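Data first, discussion second: the structure below is written as structure tokens.
Every value quoted in this text rests on a predicted model; they were computed, and no experiment measured them. Each chain gets a letter, A, B and so on, in the order its sequence line appears, and its residues count up from 1.
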Amino acid sequence: MTKPQPVRGTQDIIGEDARRHHHVIETARRVAGLYGAAEWATPVFELTSVFARNLGETSDVVTKEMYTFEDRSGESVTLRPEGTAGVCRALVSNGLTQTLPQKIFYQGPMFRYERPQKGRYRQFHQIGLEIIGAAEPLADAEAIACGQQILDELGVGASITLHINTLGDRDSRDAYRTALVDYLSRYESELSAESKVRLVKNPLRILDTKDANDIRLLADAPRIHDHLNPASAAFYDGLKAALSAFGIAFVENPRIVRGFDYYNHTAFEFVSTALGAQGTVLGGGRYDQLVEQMGGPPTPGVGWAAGIERLAMLLAATPATPRPVAVIPMGEAEQIAAIEILATLRRAGIAAEVAYRGNMKKRLERANRINARAAVLIGPDELARGAVTLKTLDDGAQRELPRAELLAALG
RNA sequence: GCGGACGUAGCUCAGCUGGUAGAGCGCCAGGUUGUGGUCCUGGAUGUCGUGGGUUCGAGCCCCAUCGUUCGCCCCA
């Protein structure tokens, strides 16, 4: 038997996975609301230029990793690889650059055309937060605090450490890049193959190398903090002060970098100590050039995103679902009474189920399987007396009571 | 995109140097025609990922393909 398969790198989220997934989203949505964020839903695909223009046409990201195709009119469209670009596009499209700041929460599927691995799918899901229109480090601190609170409320915060860094403003960053290239060029022959390529293409990312010898060479490399101009240094100090005031613990990690030019100042990652070397569960930073690159007015922004699948994996336990009440008519004659009781319970906010068929034994088995807390039994005797038998399934105790008292008994 | 490993029942897996499939769990039925979770008895389920090849004979060997997984590249 050949069963139909989902497209490579996609997965069905069902059962326990679905409950964990929803729990992550609901927790994040609720906490983001506490920070004043409104939830946006932007399209899952955009014109390719929305993503490509900002990333550089030649990077691997564009040529290799985007889910891009032509629609029937020959337009090149791309399934969104991340959420920030679409949110910034929407901000500009809707003229919201006149109404700043905006705090935006989003959640949904993202797509990258990569080789699938465990926890890395071609369709995956993210939650994200953006604060657009605030140039102050307080916005960065709020975004980070929101991320921290979500992780805490998910119960995964304990095994996670916040790493922060600054890239400085454009001048600071350019000065640092020059200094870093100067230094590393002297050791070019000793660098790993990948780092040699990065030295030309994207030198800051060498700081993120895994090669032991590269790491040794980097020990004496110039540091970003020595190249920050006064304004950038003040911004970074402001961030750290605000984080401390929010009660957020962090470590400074100069190896956290971002590859694209629209990033500046703050870069941060929440790293799980439980998941090995690649344990980033939530990451983000400041992107003061992005909205302008998108065709809007110069508008600062800061935000983060986190993979829902990875967070769901970290949850200690699957969130419990409410236990329903099983309504069990003995036969056809009691069916109508059962339906009436179902309606009463559900309108009162009590989860209630009835099995579609089967004798009493079968229906009790089913009640057990759906983890019902109680069964409401109705046979000819109860029907004649206008009563029901209420059975508590955990201890098996049961008693007969008038139908009118059922709601109160289940309250 | 590159390299390694793997693909047997719904799930987890066993299957000797090739002789045409098994366990546990789950599922269904009965023991109990007004009572579940425990127990006992019985039952169903697989073109052994797919296609081709070698062979008298392939779950097992060979090739291809699809998928999964580990690592690399990348990680917006």
Side-chain angles (χ1 to χ4, degrees), chain A residues 1-11 14-16 50-56 59-67 78 80-88 110-122 124 126 128 192-195 197-198 201-202 205 208-211 256-263 267 269 276-278 280 283-285 287 290 293 303-305 307 310 326 328-331 333-334 355 358-383 388-398 400:
Chain A
M1 175 182 55
T2 300
K3 289 175 224 170
Q5 290 180 327
V7 172
R8 175 168 213 197
T10 65
Q11 55 164 347
I14 292 174
E16 219 179 275
V50 169
F51 304 112
R53 191 195 299 164
N54 306 297
L55 299 179
S59 67
D60 266 9
V61 167
V62 174
T63 56
K64 198 170 96 180
E65 317 216 353
M66 294 209 304
Y67 226 117
T78 295
R80 62 181 182 190
E82 51 94 32
T84 306
V87 165
C88 288
M110 307 292 164
F111 305 83
R112 294 184 190 178
Y113 199 87
E114 299 178 286
R115 182 81 171 241
Q117 284 178 35
K118 189 182 184 115
R120 267 182 93 163
Y121 298 93
R122 286 184 172 178
F124 58 104
Q126 287 188 330
S192 66
E194 306 94 66
S195 290
V197 175
R198 285 171 166 174
K201 237 170 75 177
N202 202 340
R205 287 211 60 86
D208 202 26
T209 185
K210 285 171 211 153
D211 185 90
I256 293 182
V257 292
R258 290 284 114 106
F260 296 112
D261 283 342
Y262 57 76
Y263 283 109
E269 294 180 0
Q278 296 190 344
T280 299
Y287 47 85
L290 182 56
Q293 281 186 29
W304 53 256
R310 189 166 280 188
I328 302 182
M330 271 194 56
E334 295 82 27
N359 58 24
M360 192 174 204
K361 178 185 167 72
K362 288 275 160 278
R363 292 183 195 225
L364 269 166
E365 279 173 4
R366 177 175 158 75
N368 213 55
R369 213 176 311 137
I370 64 175
N371 195 29
R373 61 184 166 118
V376 176
L377 309 174
I378 321 153
D381 297 347
E382 286 88 346
L383 196 60
V388 295
T389 293
L390 179 61
K391 182 183 181 72
T392 313
L393 288 174
D394 287 338
D395 60 11
Q398 65 182 59
E400 189 173 305

Open item on the list: I want to check one thing: is the phosphate of B:C73, taken as OP1 and OP2, less than 4.0 Å away from some side-chain N or O of A:Arg198?
Closed with: no
Task: Identified stems (criterion: three or more consecutive Watson-Crick or G-U pairs, under 3.5 Å), RNA chain B - done: B:1-7 with B:66-72, B:10-13 with B:22-25, B:27-31 with B:39-43, B:49-53 with B:61-65
- [ ] Using distance alone, with no hydrogens and no angle criterion, decide if A:Thr389 and A:Gln398 have a side-chain donor and acceptor under 3.5 Å apart.
- [x] no
Task: Under-3.5 Å donor-acceptor pair between A:Arg112 side chain and B:A76 base - done: yes
Open item on the list: Does B:A29 have OP1 or OP2 under 4.0 Å away from a side-chain N or O of A:Lys362?
Closed with: yes
TODO: Respond yes when some side-chain nitrogen or oxygen of A:Arg8 is under 4.0 Å from OP1 or OP2 of B:U68, and no when none is.
DONE: yes
TODO: Verify, without hydrogens or angle tests, whether A:Arg258 (side chain) and A:Gly284 (backbone) share a donor-acceptor contact under 3.5 angstrom.
DONE: yes
- [ ] Using heavy atoms and a sub-4.0 Å distance, could you list which residues of residues 368-379 of chain A are near RNA chain B? By number, please.
- [x] A:Asn368, A:Arg369, A:Leu377
TODO: Tell me whether the guanidinium CZ or amine NZ of A:Arg122 lies under 6.0 angstrom from the six-membered ring centre of A:Tyr113 and within 45° of its axis.
DONE: yes
TODO: Check whether any side-chain N or O of A:Arg122 sits under 4.0 Å from OP1 or OP2 of B:C75, and answer yes or no.
DONE: no
Open item on the list: Roughly how many Å apart are B:U32 and B:C25, using the P atom of each and rounding to a whole number?
Closed with: 24 Å
Open item on the list: Check this for me: does the side-chain of A:Lys361 come within 3.5 Å of the base of B:U35 through a donor and an acceptor?
Closed with: no
Task: Residues which pass side chain to side chain donor-acceptor pair (under 3.5 Å) with A:Arg369, listed by chain and number, not counting sequence neighbours - done: none
